[in-house]
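Structure, as structure tokens:
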2 protein chains.
Amino acid sequence: MGATINDVAKRAGVSASTVSRVLSDNPRISEETKQRVRKAVEELNYYPNAIARSLANCATKTIGLILNTEAESLKRNPFFIEALTGISIYAQENGYNVMFAFNKSEEEDLNIAMRYVSSRSVDGIILFTSRTNDKCISFLKKKKFPFSVIGRPDEIKGVLWVDNDNFQATYQVTDYLISKGHTAISFIGGPLGHNVSKDRLEGFKRAMSIHGVPLEKTFLFENGDFSDDFGYECMMKIISAWEAGQNKPTAVVTCDDMQALGVLKAMQEKGLSDIAVTGFNNTPLGMYQSPKLTSVDVNADKLGFYAAKVLIDFIERKEATTHYIVPTNLVERESAF
Amino acid sequence: MGATINDVAKRAGVSASTVSRVLSDNPRISEETKQRVRKAVEELNYYPNAIARSLANCATKTIGLILNTEAESLKRNPFFIEALTGISIYAQENGYNVMFAFNKSEEEDLNIAMRYVSSRSVDGIILFTSRTNDKCISFLKKKKFPFSVIGRPDEIKGVLWVDNDNFQATYQVTDYLISKGHTAISFIGGPLGHNVSKDRLEGFKRAMSIHGVPLEKTFLFENGDFSDDFGYECMMKIISAWEAGQNKPTAVVTCDDMQALGVLKAMQEKGLSDIAVTGFNNTPLGMYQSPKLTSVDVNADKLGFYAAKVLIDFIERKEATTHYIVPTNLVERESAF
DNA sequence: TAAATATGTGCAAACGATTGTATTTTGGCA
DNA sequence: TGCCAAAATACAATCGTTTGCACATATTTA
């Protein structure tokens, strides 16, 4: 069906090697032959066979993605799809294809990674993971196979990664609230097993201490999860304590829009609306909430874009950048006043 | 770095062809040699090179996805990510890789399709599209390149496709509302350029006529778009008409959760809560709405799964099924009573 | 005018598998 | 012992490129 390099060679009256050199615009071929060959390419509608090319080059020009469906937020959070588009953009710009596989466990993640590297079907791998002590990371490191990670890994030495500055993100949110006059601020955190959570917690604490705002122990939920249930639960505790005579916060900083929804739900049930709430991740869920949620946009598309960039640039030995910090931005809406 | 088939052959004291035959479990090789070869494979930790294999087989064992970011619902609707997981599952089960590319226009879609087929880097393509008169479809048809479509194409002859039964979906919704006693039902549709919209409209109409429920012209918004704005607009018209003395519907059938949100918003603004509303697509946005949205789940993961199945089965000449209809299911929540 | 240097192309060996065909080995039987 | 068929394995071509090196021709220099 498709024409091969030999067909082109024959038609142009040259050898296959010459055709190959014309295609890579090798200066050793005369302009005249180049014209002739290009005409033949045109006429035969010739496209190089990617597979044969890969075999000869020992490069597949494709990168593999390892995604995990364990993450419950997969559906709710547009993070993944945005990151995928970002990856796709940089990859396409540089002539790379992108492969993916969704896995259900760390075991499967590892299997796919092993298959990718041992069958040499990709030139590099992007890991969507924030597991501490990730098996894929150690495997790929040992194999010295090019890879990049979305989310800062435990041990950053010799690994390519991109991440938000999660510290700065909550710092900014907290600073914002303080600048609005809030002085009793609650914080609802995520699982401390993840670096994200630790950083966000620290950002909050730092902003508070810098501004000399006192940290109330009962307002602080350091170790939790990203669910609406957890947000609801925390807020209920706060409200109960208040009803029992304790202080009431005037603002709540959360680490996920879901948590914020939980907080809002608790407030609604108790008929409260005088507490400012901020979310995280800027999901549609927050956008269409009432009040519309002030939230932190993590720019997932940029995360994907730069994850692809560090990886591909590394593969092509273009640049020595090992990581990118993608800034977050605070999206001001109605819930934080 | 990795061992090749020749290394294995040498170590097992046989030829490369024998190793190849052992790997494909060819009965012409004696059990004894098989043992020996397998031991060598084990010891050298040998994995076949996927590229070389592809070149020899004229099969890449990968399928390409053509996705479009034009669709604004990309972020809001978990449709895509769910469909991707479904595709990934069937592909992995059958030893296929999946490649994707996000494009910004039909032109780009076509470019990618052309690149995929002419560089022979995939064995088949899955199209995420519902454009009428899609250029990719006609291109792939002309090239006789294997592909499947998510969403029923205009001309189904000789094309593999999967879709929901959109007719049946709105029929069921309407039937459900009628069974609850509703007799004044409004319908808010999507763009009639898409088959989905036509089918949903027909399903509604049929259910109404079968049950002998009169169709009120002013309740019918046949040609619209899937936005919340459109839903809001329609509902406002209805309410204004009612305020001007016309009838008021007791229920509204929409074609998208976003439309339903718009409807709900209009109702809230007007202090109305006695009208039942149904959504479509069962997005998180609807789930966390108040009232929780009764909606239609399209089982996007299954759509993806079967799109991969028809395609891969066709490529491997396993089965002659040309399409699947994936049933939708009505998710009953609070908004339709 | 011969030698030295550019300049442009072709040859052939990779890349790492698969597979049709040829060849060797084995075993049975006369 | 010799012959033949069957069983097991090896050989070599092939898939479609790329690329180092050799070779031929054109151009300059002594």
Side-chain angles (χ1 to χ4, degrees), chain A residues 1-38 40-41 44-62 95 115-123 316, chain B residues 1-38 40-41 44-62 95 97 115-123:
Chain A
M1 174 144 207
T4 75
I5 201 172
N6 289 302
D7 301 331
V8 176
K10 216 165 284 172
R11 176 172 262 259
V14 296
S15 74
S17 45
T18 299
V19 176
S20 174
R21 291 194 172 97
V22 171
L23 293 176
S24 58
D25 207 22
N26 189 312
R28 290 180 43 184
I29 304 293
S30 70
E31 221 20 78
E32 193 198 323
T33 358
K34 279 186 183 174
Q35 298 294 334
R36 203 145 34 92
V37 170
R38 289 196 183 115
V41 165
L44 292 174
N45 194 25
Y46 165 78
Y47 280 86
N49 181 313
I51 299 296
R53 185 171 259 188
S54 292
L55 187 59
N57 283 332
C58 295
T60 60
K61 281 276 187 178
T62 104
R115 213 186 68 200
Y116 276 162
V117 347
S118 42
S119 73
R120 270 137 288 173
S121 36
V122 302
D123 294 341
E316 312 221 310
Chain B
M1 171 138 213
T4 74
I5 202 171
N6 289 303
D7 302 331
V8 176
K10 217 165 283 173
R11 176 172 261 259
V14 295
S15 75
S17 48
T18 300
V19 175
S20 174
R21 290 193 169 95
V22 170
L23 293 176
S24 59
D25 208 22
N26 190 310
R28 289 178 42 181
I29 304 293
S30 69
E31 224 15 82
E32 194 198 322
T33 355
K34 279 187 182 173
Q35 298 293 334
R36 202 146 35 92
V37 170
R38 288 196 183 116
V41 165
L44 293 175
N45 194 26
Y46 166 77
Y47 280 85
N49 180 312
I51 299 297
R53 185 173 259 187
S54 292
L55 186 58
N57 283 333
C58 294
T60 60
K61 282 273 185 181
T62 104
N97 289 113
R115 213 185 68 200
Y116 276 162
V117 348
S118 41
S119 73
R120 270 136 289 174
S121 36
V122 302
D123 295 341

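Note on naming: letters A, B, ... go to the chains in the order of the sequence lines (proteins, then strands), and numbering restarts at 1 for each one. Worth knowing before you read on, the calculation uses all heavy atoms, side chains too, and leaves out hydrogens, waters and symmetry mates.
Put simply, the side chain of R21(B) and the base of dG20(C) share a donor and an acceptor less than 3.5 Å apart.
When each of P27(B) and N57(A) is assigned the nucleotide of DNA chain D with its nearest heavy atom, P27(B) is the one assigned upstream, toward the 5' end. Between R28(B) and A56(B), it is A56(B) whose nearest contact on DNA chain C lies nearer the 5' terminus. Take the nearest nucleotide of DNA chain D for G13(B) and for A52(B): the residue whose nucleotide is more 5' is G13(B).
In this structure, T4(A) reaches the sugar-phosphate backbone alone: every heavy-atom distance under 4.0 Å involves primed, P, OP1 or OP2 atoms, never a base. Residue V19(B) is out of contact with every strand shown, counting any heavy-atom pair closer than 4.0 Å. Contacts of S17(B) with the nucleic acid, taken as non-hydrogen atoms under 4.0 Å apart, include base atoms. Among the protein residues, S20(B) comes within range of the nucleic acid bases, having at least one heavy atom under 4.0 Å from a base atom.
Rounded to whole Å, atom P of dA8(D) lies 13 Å from atom CG of D25(B). Taking atom CG on L23(A) and atom C1' on dT9(C), their separation rounds to 15 Å, with Å as the unit. The nearest whole Å value for the distance from the CG atom in N26(B) to the P atom in dG20(C) is 10 Å. If you measure from atom OH of Y47(B) to atom C1' of dA17(C), you get 17 Å, rounded to the nearest angstrom. Whole-Å rounding puts the I51(A) CD1 to dC15(D) C1' distance at 11 Å. Rounded to whole Å, atom C1' of dC11(D) lies 13 Å from atom CG of N6(B). At whole-Å resolution of the value, CZ in R120(A) and C1' in dC15(C) are 11 Å apart. Note: CD1 (I29(A)) to P (dA24(D)) measures 18 Å, nearest angstrom.
One side chain, T18(B) or S15(B), offers a donor N or O that lies under 3.5 Å from an acceptor on the other.
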V19(B) vs V14(B), side-chain contact (heavy atoms from CB on, under 4.5 Å): CA-CA, chis, key distance, verdict: CA-CA 7 Å; V19(B) 175; V14(B) 295; 3.9 Å; yes
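Of all nucleotides listed (dT17(D), dT9(D), dG16(C)), dT9(D) comes nearest to the side chain of T33(B). Listed nucleotides: dT21(C), dT9(C), dT19(D). Nearest to the side chain of T18(A): dT9(C). Checking dT9(D), dA17(C), dT17(D) against the side-chain heavy atoms of N49(A) singles out dT17(D) as nearest.
Taking OH of Y116(A) as the reference point, atom OG1 of T62(A) lies at 7.5 Å (rounded to 0.5 Å).
Taking 4.0 angstrom as the limit, Y46(B) places a side-chain polar atom (N or O) nearer than this to OP1 or OP2 of dA17(C).
Among R36(A), E31(A), E32(A), the single residue meeting the side chain to side chain contact (heavy atoms under 4.5 Å, CB included) criterion with K34(A) is E31(A).
A 4.5 Å side-chain heavy-atom check between R120(B) and I51(A) finds every atom pair outside the cut-off.
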